[in-house]
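Structure first, then comments.
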Amino acid sequence: MKQFWLMKSEPEAFSLEDLKAQGAKGEHWDGVRNYQARNHMQNMQQGDLVIYYHSSCKPAGAVGVAKVIKEAYPDFTAFDHTERYYDAKSDPENPRWFMVDINYTKTLKNMVTLKDIKANPLLSDMQLVTHARLSVSQMNEDHFNEILAMSTL
DNA sequence: GCCAACGTTGGC
DNA sequence: GCCAACGTTGGC
């Protein structure tokens, strides 16, 4: 069964345009160091759709759609002490952190801001709203379709 | 840049 | 296993 997700990125670090520039090969989503977010990535399946969300910018909001093209595998940046997200507790024999690959699918016609999302009662139970700090969150198909509908208003 | 929310760590 | 201290996220 297809699942739907929302992934946050700071556009100054890696924007939807940056993902688009990667083309079909997409990008690996390294650096997630939160267990709940990791668990979501481990539950992702190839072909799942992702709302791409720009955070820590004005305004923050959903800007596009991406697709899961490779299921969870160890986040090798955790093993490299020169990396920002190095974690001495993640052992290559028993990795603690995982990542998936996603690629660009589309840009929303209009950004759907966090304000818009919070103002829509149909989206009030989205994990983005109930669990604001989580960088990888779940949503259902109705949430996904509602955001796409809002983006063309 | 501030600060509220909240996840993680470590001492006990 | 509790909880205080600390660090991080992310909206504004």
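A, B, ... follow the sequence lines: proteins, then strands. Residue 1 opens every chain.
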Ignoring hydrogens and angles, tell me if any N or O in the side chain of D80(A) forms a donor-acceptor pair with the backbone of T77(A) under 3.5 Å. no

Between residues 121-133 of chain A and DNA chain B, which residues have a heavy-atom gap below 4.0 Å? H131(A), R133(A)

Sub-4.5 Å side-chain heavy-atom contact between Y53(A) and V63(A): no

Please confirm whether the backbone N or O of D87(A) pairs with a side-chain atom of S90(A), one donor and one acceptor, at under 3.5 Å? no

Salt-bridge criterion met for D75(A) and R33(A) (N-O under 4.0 Å): yes

Taking F14(A)'s backbone N and O only, do any of them form a donor-acceptor pair with S9(A)'s side chain (distance below 3.5 Å, no angle check)? yes

Show me the donor-acceptor pairs, under 3.5 Å and distance only, between side chains in residues 16-24 of chain A and residues at least two apart or in other chains.
from: D18(A); atom 1: OD2; to: S15(A); atom 2: N; distance (Å): 2.9
from: D18(A); atom 1: OD2; to: S15(A); atom 2: OG; distance (Å): 3.3
from: Q22(A); atom 1: NE2; to: G26(A); atom 2: O; distance (Å): 3.4

Just to be sure I understand the rule, does S56(A) reach a base, reach only the sugar-phosphate, or reach nothing, if contact means heavy atoms closer than 4.0 Å? base

Aromatic ring proximity, centroids under 6.0 angstrom, H28(A) and F76(A): yes

Chain A reaches DNA chain C, atoms under 4.0 Å from its heavy atoms, from dG7(C) to dG11(C)

Start at the 5' end of DNA chain C and walk down; is the nucleotide closest to K115(A) or to Y85(A) reached first? Y85(A)

Taking any heavy-atom pair under 4.0 Å as a contact, classify K8(A): base, sugar-phosphate, or nothing. sugar-phosphate

Answer yes or no: is there a donor N or O on one side and an acceptor on the other, between the side chain of H143(A) and the main chain of N140(A), under 3.5 Å? yes

